[in-house]
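The block underneath contains the structure these notes are about, expressed in structure tokens.
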Amino acid sequence: AVHDHVLKVAADHYTPKGEDGLPTGDLVAVEGTPFDFRRAKRVGAEMAAAGRGYAHNLCLRDFQPGHVRPVAWLLDPGSGRALTLKTDQPGLQVFTANSWANIEGKDGAIYQAHNGLALETQLYPNTPNVPAFFPRLVPAGEIYRHRMVVGFHAVRPAEIDDFFAD
């Protein structure tokens, strides 16, 4: 499970969802919410306060179209496996596989809720309907591109603070 993974995200706001599961159009400060990953913390520390888990868009800092910048750091402290994430997108969907139940995987592995974590760089969800969300419709025949750079690392216990340093 991902509860003990440590995550840091360069995001000061998130897009809350309405009853229909779509963003309401508001940007809400992450401070004092379970979505505050500005400082590295365990993914499971406040997961229950987010509902069944995370399936939310965080509004990444310093968005400039076409500009790739570091936005997320993830570490499994038990193994030392870590990743860094850079993107040119304004949003990051944090998803903790909340609805998984007995999903069969490779070599007969069975996955349950919170057995996976995805960090998906993106435009804010519902952008066609919310003009303030950097709307982007891709006309037929046009190619859509965005950049995401993932770095994989092995972090020793003595290096954890350095991994998350600003």
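What you see is a predicted model; the values in this text were computed from it and never measured. These numbers come from the heavy atoms of this one structure, side chains and all, not from hydrogens, waters or symmetry mates. Just so you know, residue 1 is the first one in the sequence shown, and it goes up from there.
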* **Donor-acceptor pair between D76 and S79 side chains, under 3.5 angstrom** => yes

* Residues in side-chain contact (heavy atoms from CB on, under 4.5 Å) contact with N115, at least two apart in sequence or another chain -> A1, W100, Y111, Q112

* Is the closest side-chain donor-acceptor distance between R52 and S99 under 3.5 Å? -> yes

* To do: Group every Ile, Leu, Val, Met, Phe, Trp and Tyr by side-chain heavy-atom contacts under 4.5 Å, then state whether L119 and L58 land in the same group.
  => yes

* Parallel, tilted or perpendicular, as decided by the 30° and 60° cut-offs, for the rings of F35 and H56 -> tilted

* The single option from Q89, K86, H146 passing side-chain hydrogen bond (donor to acceptor under 3.5 Å, both in side chains) against T121 -> H146

* Checking D26 side chain against V28 main chain: does a donor-acceptor pair fall under 3.5 Å? -> no

* **Linked, directly or transitively: F95 and Y14 (ILVMFWY side chains, under 4.5 Å)** => no

* Check each of L117, T84, L85, V94 against L74 using the side-chain contact (heavy atoms from CB on, under 4.5 Å) test, and report the only one that passes. => L117

* **Chi angles and distances behind the salt bridge (Lys or Arg N to Asp or Glu O under 4.0 Å) call for R69, D62** => CA-CA 8 Å; R69 76 269 185 223; D62 301 325; over 6 Å; no

* P23: side-chain contact (heavy atoms from CB on, under 4.5 Å) partners, not counting sequence neighbours -> T15, P125, N126, F133

* When the aromatic ring centroids of Y54 and F37 are compared, is their separation below 6.0 Å? -> yes

* **Transitive ILVMFWY side-chain link V150 to V43, under 4.5 Å** => yes

Side-chain atoms of residues 6-13: list all donor-acceptor pairs with protein atoms under 3.5 Å, sequence neighbours left out, distances to 0.1 Å.
residue, atom, partner, partner atom, Å
K8, NZ, F164, O, 2.6
K8, NZ, D166, OD1, 2.4
D12, OD1, R61, NE, 3.3
D12, OD1, R61, NH2, 3.0
D12, OD2, R61, NE, 3.0

* According to a 4.5 Å side-chain heavy-atom criterion applied to Ile, Leu, Val, Met, Phe, Trp and Tyr, with indirect links allowed, do M148 and L60 form part of one hydrophobic cluster? -> yes

